Amino acid sequence: MERQAEINLIKEILSYEADKSTDMQSHCSSIAVDCYTRDDQFEQEQQLFKEMPIIVGHGSQVPEAGDYFTRDICQVPIIVLRQKDGSLKAFINVCKHRGGRLARKSSGQGLRTLVCQYHAWTYETNGKLRGVPHRDGFSDMPDRCKSLTELPLCERFGFIWLRLSPITVEDQDGGFENTLNQLLGDTIIGDLEGYQMDSHVVFDPKDFHRPINWKLAVDTFMENYHVRKTHKETIDFMFLDTVGSYKQFGLQQRNLYPKKTMTGLREKDESEWHIREHGNFLYLLFPNTLLLIEPDHINVSIVYPDGIGHTQLINFTLLPEKPSEKGIAYFRKNNEILYRALEEDFSMALDVQQGLHSGACEEFLHGRFEQGLRYFHENIDQLLAKR
Ligand code: FES
Ligand SMILES: [Fe+2]
């Protein structure tokens, strides 16, 4: 982030705090409750997930040739595999014979070939079909069955981005990365480059499955109005109550949740103002990745729909370097609080999910300072309307 932008943001927060105010819209807004429950809406959202670059992990999780991980995302089983030349490839983890699953473990190392569990068709790590038992029986098979279905992929800011639909000519020679760059825009790219996440390492990854709509999971990150009550026992003591800054850059969002210590900067010279020590940035990389920028680490939460009323959430922490034993203890303690706070959020989202069909509300209100929610839902609606 540019130095002047950092100083301006701190000034913005200090002026809100002085006026007992915050970043606010002129009016409150609302969304129809059935945006969480309508099958047709969910079908379209799921389609959106298959058309956009999404993050599936971090490059440090598969550092060596033959390292891989698998996931099922939006009902697409994928395998991400480090190649001999250091590049990464992603395939649909499904055999071209009759749809058997190839890799069954969630991750592994030293993979030389992919062998289908059903009739033992064997593929190279680059996806090419190598071995077919009793090959004579398939002597006239079509060429399209001779390699796995590849997905477009790139590594950017340390993250592994892919699209859950087959690679096309336009994706090749940097095309997919260009699409991603256009979606992110210059400001967000500048911010993400500044965090140097490509040299970070993954710490304490956890997967969650919860019976809530995926947007309810994202919603919990998008405002800090709930912190006073929901996180009373965990993190509330650190933060200013319902004071924040909410910026939108195309589809991307950057919220700033200031800590109480930010007010102490009034007494300090601007040269000593460092925003990361006094507030957490929360980025929504549309549609489903949340980055929480803390002073000495970054928390990554990736939300995937798994049916209309079910969500898979992948969470991990990025550390600037491999932690020492002391570091491990320190960050574990930190994450205990983080994961407790996450459970507090899930608990609220579950309450909301259970009332969605009750008929009590036709609409949910977004307060003038809950514009983070408003932007997120408006962006989804606008994209779906264009389809
Ligand atoms: S389904 Fe894979 S070998 Fe038959
Ligand atoms: Fe929360």
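Note that this is a predicted model, so its numbers are computed, not measured. All residue numbers in this chain count up from 1 along the given sequence. All ligand and atom numbering here is 1-based and tracks the order in the structure.
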task: Using 2.8 Å as the cut-off, count the protein N, O or S atoms closer than that to atom 4 (Fe) of ligand 1.
output: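 For atom 4 (Fe) of ligand 1, protein nitrogen, oxygen or sulfur atoms under 2.8 Å: 2.
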message: Just checking: D345, one of its N/O/S atoms, less than 2.8 Å away from the Fe ion (ligand 2), yes or no?
response: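 So D345 counts as coordinating the Fe ion (ligand 2), yes.
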For [X] and [Y], I'd like to know if the aromatic rings sit close, meaning centre-to-centre distance below 6.0 Å.
X: H58; Y: H200; answer: no
X: F286; Y: F249; answer: no
X: H297; Y: F331; answer: yes

- prompt: Hey, which N, O or S atom on H231 ends up closest to the Fe ion (ligand 2)?
  reply: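 Of all N, O or S atoms in H231, the Fe ion (ligand 2) lies closest to NE2.
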Residues which pass side-chain contact (heavy atoms from CB on, under 4.5 Å) with S301, listed by chain and number, not counting sequence neighbours: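 In terms of side-chain contact (heavy atoms from CB on, under 4.5 Å), with neighbours along the sequence ignored, S301 is linked to F221, L290, L313, N315.
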Residue pair H119, H134: steps toward the ring-ring contact (aromatic ring centres under 6.0 Å, His included) verdict: CA-CA 10 Å; H119 315 89; H134 302 284; over 10 Å; no
message: Looking at E223 and Y225, would you say the former's side chain and the latter's main chain have a donor-acceptor pair under 3.5 Å?
response: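 The answer is yes, because a donor-acceptor pair under 3.5 Å joins these two groups.
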message: Check this for me: does any side-chain nitrogen of one of D236 and K229 sit under 4.0 Å from a carboxylate oxygen of the other?
response: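 Salt bridge between D236 and K229, a charged N being under 4.0 Å from a carboxylate O: no.
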